[in-house]
Amino acid sequence: MRLAVVGLGRIGQYHANHAQQVAQETGGVLTAVVDTNAERAKETAARLSRTQATPVEPFFSVEEIAAAGVADGSFVCSPTDCHRSNTTVLIRAGQRVLLEKPLTGTLADDREFAQQLDREFPNSVMLAFQRRYDAPLQHAKQLMKDGAIGRVFKIVSILEDSNPAPDGYNSGGILPDMSVHNVDEILWLCDGKMPVSATAIGSCLHSRKLSTAIEDFDDAYMHLWFEGELGAQVQVSRNHVSGYRVESWLFGETGQIHIGRFEQRYRDVVVEVYGKRPATQPIEVKTYSMPEYGAGAPEFMDRFGPAYKAELTEFVRKCESGEPFAVTHRDGVRAMEVIDAAMRGLIDPAKCATVTSVIR
């Protein structure tokens, strides 16, 4: 299979590295990289060409690479506002596309794009929800399905960055931008079950003043209610100054499963299973050691690097077999529907009951 990577920004550089590795491991080849910044495209192509037998060609627009016909599939990680246009050009040229989240950035555009894909190219897009390919989370899901903690009644998913969004970053809001991963994780753990209601609350506490990126909040919380006595909570933040924090909890009637914990040891991801008291030892503890990506890598790469590579391997496998993708544009719409509902139910802190009168 001939692979290309579109968009060579912060995450695109690492996706290009993974694409080259996966292509070599599966008997394919990375043929091209695309970026509107010509120098960046040329430099990346030259770097990658040094580690494979055939040269990687630089292109400066998706229209150029589509016309050249040098790839069978592309990983699109361009800015969010380019996702739809870039993907449309490529799939109309006969490619299948692995598209970075979110689908378009707004629910209305997501639905419109999804309807277009369903009509014209229903099996052409795989959405990059890498948490579904994360080994610790997969292990936790299997433990849950095996009944390790009994009936699950609450899921908590937390994602906190140590820094604000980069200068100039185009964010559709902290919940659409960050929590889309958490929401998809919860829906995946629930085997696609959708919540019946949602609410959210947000605040600006610290990091927003440190960046020129415009974003509604730098801390936000979401609560989801499902049928059958199941609830879920999502917490996202740009303010975890001590380092990247990714944690999830599954609470069941006979115990809990905890995935990840913050100890400034970014590459050791622990899955712990605890039963009820008075037990003094966990039922199971398993540590997953992640590879090191080196100085300058985005902090999420040390945590999810293997998952990014695994989802790309799955993309190539499905392209070669012609099978439909397991994660598609429809999953992107579902996650955004949940986030949109929560934002429409956003709690206004100014209207909340004051504590002052209570404590006097």
Side-chain angles (χ1 to χ4, degrees), residues 100-103 107 110 127-161 172-202 217 219-237 244-253 255-261 269 271-273 300 303-304 307 311 326-347:
E100 255 297 353
K101 66 83 192 169
L103 199 57
L107 178 58
D110 278 7
L127 202 58
F129 280 137
Q130 91 283 351
R131 291 191 179 205
R132 298 185 182 214
Y133 300 92
D134 178 61
L137 283 168
Q138 289 177 333
H139 180 51
K141 182 176 182 179
Q142 190 60 52
L143 288 167
M144 181 180 72
K145 291 175 73 70
D146 290 344
I149 56 171
R151 185 187 73 83
V152 172
F153 57 83
K154 184 171 70 172
I155 300 172
V156 177
S157 181
I158 296 175
L159 171 60
E160 298 189 326
D161 286 349
I174 194 171
L175 286 169
D177 189 67
M178 287 187 74
S179 73
V180 66
H181 280 299
N182 305 81
V183 172
D184 182 71
E185 173 193 325
I186 291 166
L187 300 184
W188 169 68
L189 289 169
C190 296
D191 292 326
K193 187 176 183 180
M194 288 285 280
V196 294
S197 57
T199 193
I201 191 166
F217 307 114
D219 257 284
Y221 170 87
M222 186 187 310
H223 192 94
L224 312 177
W225 289 267
F226 294 78
E227 289 181 345
E229 297 182 334
L230 172 65
Q233 299 166 4
V234 172
Q235 182 177 325
V236 291
S237 175
Y244 190 57
R245 179 190 178 201
V246 181
E247 296 188 59
S248 298
W249 283 265
L250 310 177
F251 293 90
E253 292 179 337
Q256 69 168 345
I257 301 171
H258 181 201
I259 307 100
R261 59 187 179 194
V269 183
V271 179
E272 305 166 289
V273 186
F300 52 76
R303 170 62 183 86
F304 287 113
E311 73 178 355
V327 191
T328 73
H329 54 280
R330 302 175 193 94
D331 295 291
V333 173
R334 285 158 56 84
M336 283 298 292
E337 285 175 339
V338 173
I339 295 167
D340 181 76
M343 292 183 71
R344 282 188 283 113
L346 198 72
I347 297 170

Query - Over all atoms of both residues, closest heavy-atom pair of L250 and I259 - result: CG-CD1, 4.4 Å
Query raised in the report: Taking C-beta and beyond as the side chain, do V246 and R131 meet within less than 4.5 Å on heavy atoms?
Result: yes
List, one per line, each side-chain donor-acceptor pair under 3.5 Å for residues 220-227, sequence neighbours excluded.
unit_1, atom_1, unit_2, atom_2, d
Y221, OH, H223, ND1, 3.4

Query raised in the report: Looking at residues at least two apart in the chain, or sitting in another chain, which of them share a salt bridge (charged side-chain N to carboxylate O under 4.0 Å, His left out) with R330?
Result: D118
Query raised in the report: To the nearest 0.5 Å, how far apart are CE in M336 and CE in M343?
Result: 8.0 Å
Requested in this report: Check whether any side-chain heavy atom of V271 lies under 4.5 Å from a side-chain heavy atom of L143, and answer yes or no.
Outcome: yes
**Report entry** Under 3.5 Å donor-acceptor, K101 side chain and D177 backbone
**Finding:** yes
Query raised in the report: Can you find a heavy atom in the side chain of K145 that is under 4.5 Å from one in the side chain of D191?
Result: yes
Query raised in the report: What residues form a side-chain contact (heavy atoms from CB on, under 4.5 Å) with D134, not counting sequence neighbours?
Result: P136, L137, M290, R303, F304, A307
Query raised in the report: Any side-chain heavy atom of Q235 sitting closer than 4.5 Å to one from R245?
Result: yes
Query raised in the report: Do other residues, nucleotides or ligands put more than 12 heavy atoms under 6.0 Å from the NZ atom of K193?
Result: yes
**Report entry** Considering all heavy atoms, the nearest S179-V234 contact
**Finding:** CB-CG1, 3.8 Å
Query raised in the report: Do the side chains of Q233 and W249 get nearer than 4.5 Å, heavy atoms only?
Result: no
Requested in this report: Over all heavy atoms of both residues, which pair between E229 and R151 is shortest? Give the atoms and the distance, please.
Outcome: O-NH1, 3.1 Å
Query raised in the report: Got a salt bridge between R132 and D184, using NZ or NE/NH1/NH2 to carboxylate O under 4.0 Å?
Result: yes
Report task. To the nearest 0.5 Å, tell me how far L127 CG sits from L103 CG. Result -> 6.0 Å
Query raised in the report: Do you know which two heavy atoms are closest between D110 and G332, and how far apart they sit?
Result: OD2-O, 4.0 Å
Query raised in the report: At what distance, to the nearest 0.5 angstrom, does CD1 of I257 lie from CD1 of I155?
Result: 10.0 Å
Query raised in the report: Crowded around E253 CD? As in, over 12 foreign heavy atoms under 6.0 Å?
Result: yes
Report summary line: In this structure, CD1 of I158 is separated from OG of S237 (nearest 0.5 Å) by 10.0 Å
Report task. Spell out, as yes or no, whether a donor-acceptor pair under 3.5 Å connects the side chain of H329 to the backbone of D331. Result -> no
Query - Separation of H181 NE2 from Q130 CD (nearest 0.5 Å) - result: 4.5 Å
Query - Any side-chain heavy-atom pair of L189 and S157 under 4.5 Å - result: no
Report task. Any chance you could measure I186, atom CD1, to L230, atom CG, to the nearest 0.5 Å? Result -> 9.0 Å
Requested in this report: For residues L159 and F300, determine if any side-chain heavy atom of one lies less than 4.5 Å from a side-chain heavy atom of the other.
Outcome: no
**Report entry** Non-hydrogen side-chain atoms of F129 and L187 separated by less than 4.5 Å
**Finding:** no
Report summary line: In short, P176 meets I339 closest at the heavy-atom pair N-CG2, 3.9 Å
